[in-house]
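Below, all heavy atoms of this structure are taken into account, side chains as well, without hydrogens, waters or symmetry copies.
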Amino acid sequence: MAEKVLADARLLYVEDDELVRRMLAQTLRRRVKELYEAGNGLEGLEIYKKLRDEIDVIVTDIEMPLMNGLVMIEEIRKISPHVPIIVVTAYNDEYHRTKLADAFVVKPVKKDDLFRVITECLQKRYS
């Protein structure tokens, strides 16, 4: 069941570090139905506005140029209050653990942990 939930997911991944984004995107692309990528919060917000009906879950960094992840999350919540949002961050403090996010994964990302968290968020949304 969990593998099917993940395999049917359409995910927006927002990360400003190109190397990190490319590496994790390669792994995500093999596990999800569709993957959309953005290099900063502003780009992530624009993609979400255009494709919101095609995005099931968002995985985002916090510290990014142009628009940080917190502002992006606030803007997305105005559009879609219930879309699952997972924050992936190198920081493990209250500031970065925003109440607007559904879950957190601390960098360096363990892929199995991320897949588990994505699956749990999607199961909660659709149960």
Side-chain angles (χ1 to χ4, degrees):
M1 169 81 173
E3 282 298 314
K4 174 99 172 95
V5 169
L6 195 58
D8 288 341
R10 298 167 301 177
L11 187 144
L12 170 59
Y13 176 41
V14 187
E15 168 63 60
D16 65 310
D17 184 315
E18 187 177 344
L19 180 60
V20 171
R21 188 176 65 246
R22 262 191 289 147
M23 288 173 48
L24 191 53
Q26 183 178 19
T27 301
L28 287 167
R29 201 169 277 110
R30 289 192 296 256
R31 301 287 296 270
V32 300
K33 181 176 184 174
E34 189 74 44
L35 180 68
Y36 305 99
E37 294 179 56
N40 60 63
L42 187 58
E43 187 180 347
L45 179 59
E46 291 306 311
I47 290 171
Y48 189 77
K49 285 179 177 178
K50 289 179 192 166
L51 301 172
R52 68 175 160 240
D53 294 334
E54 299 174 36
I55 295 173
D56 300 311
V57 62
I58 299 166
V59 175
T60 185
D61 190 11
I62 292 290
E63 299 298 331
M64 297 181 286
L66 301 181
M67 177 186 285
N68 73 30
L70 297 176
V71 174
M72 182 193 75
I73 292 168
E74 288 174 359
E75 293 302 312
I76 288 173
R77 288 290 186 222
K78 291 176 187 174
I79 300 164
S80 302
H82 303 295
V83 64
I85 299 176
I86 300 162
V87 170
V88 176
T89 182
Y91 303 96
N92 193 10
D93 57 44
E94 278 306 307
Y95 172 77
H96 292 87
R97 287 185 171 266
T98 174
K99 292 180 174 137
L100 296 172
D102 296 285
F104 299 87
V105 176
V106 177
K107 292 178 180 178
V109 175
K110 293 181 180 134
K111 294 170 188 156
D112 289 341
D113 290 344
L114 180 59
F115 294 139
R116 179 184 47 76
V117 169
I118 292 169
T119 302
E120 287 172 0
C121 285
L122 287 168
Q123 286 175 326
K124 282 181 196 171
R125 181 177 184 193
Y126 295 112
S127 63

Rounded to the nearest 0.5 Å, what separation is found between the [atom1] atom of [X] and the [atom2] atom of [Y]?
X: Met23; Y: Asp17; atom1: CE; atom2: CG; value: 9.5 Å
X: Asp56; Y: Cys121; atom1: CG; atom2: SG; value: 12.0 Å
X: Met72; Y: Leu100; atom1: CE; atom2: CG; value: 11.0 Å
X: Leu6; Y: Thr119; atom1: CG; atom2: OG1; value: 4.5 Å
X: Tyr36; Y: Leu28; atom1: OH; atom2: CG; value: 14.0 Å
X: Leu12; Y: Ile76; atom1: CG; atom2: CD1; value: 6.5 Å

Is any side-chain heavy atom of [X] less than 4.5 Å from a side-chain heavy atom of [Y]?
X: Ile58; Y: Pro84; value: no
X: Arg29; Y: Glu37; value: yes
X: Leu114; Y: Leu24; value: yes
X: Glu34; Y: Leu11; value: no
X: Ile79; Y: Leu45; value: yes
X: Asp102; Y: Ile86; value: no

NZ/NE/NH1/NH2 to OD/OE distance under 4.0 Å, [X] and [Y]:
X: Glu15; Y: Arg22; result: no
X: Glu74; Y: Lys78; result: no
X: Asp8; Y: Lys4; result: yes

field: Cation-pi, Tyr13 ring and Arg21 (6.0 angstrom, 45 degrees)
entry: no
Which heavy atom of [X] sits nearest a heavy atom of [Y], and at what distance?
X: Ala101; Y: Val87; answer: CB-CG2, 3.5 Å
X: Leu42; Y: Met67; answer: N-CB, 3.4 Å
X: Ala103; Y: Val117; answer: CB-CG1, 3.3 Å
X: Gly41; Y: Met64; answer: N-CE, 3.6 Å

Does any N or O in the side chain of [X] come within less than 3.5 Å of the main-chain N or O of [Y], such that one atom is a donor and the other an acceptor?
X: Asp61; Y: Thr89; result: no
X: Glu43; Y: Gly39; result: yes
X: Arg10; Y: Glu54; result: yes

task: Verify side-chain contact (heavy atoms from CB on, under 4.5 Å) between Ile85 and Arg77, making sure each step is shown before the conclusion.
output: CA-CA 9 Å; Ile85 299 176; Arg77 288 290 186 222; 3.6 Å; yes
- prompt: Between Thr60, Val59, Val20, which is the residue that forms a side chain to side chain contact (heavy atoms under 4.5 Å, CB included) with Val88?
  reply: Val59
- prompt: What do the steps show when you test Asn40 against Val14 for side-chain contact (heavy atoms from CB on, under 4.5 Å), and what is the final call?
  reply: CA-CA 6 Å; Asn40 60 63; Val14 187; 5.8 Å; no
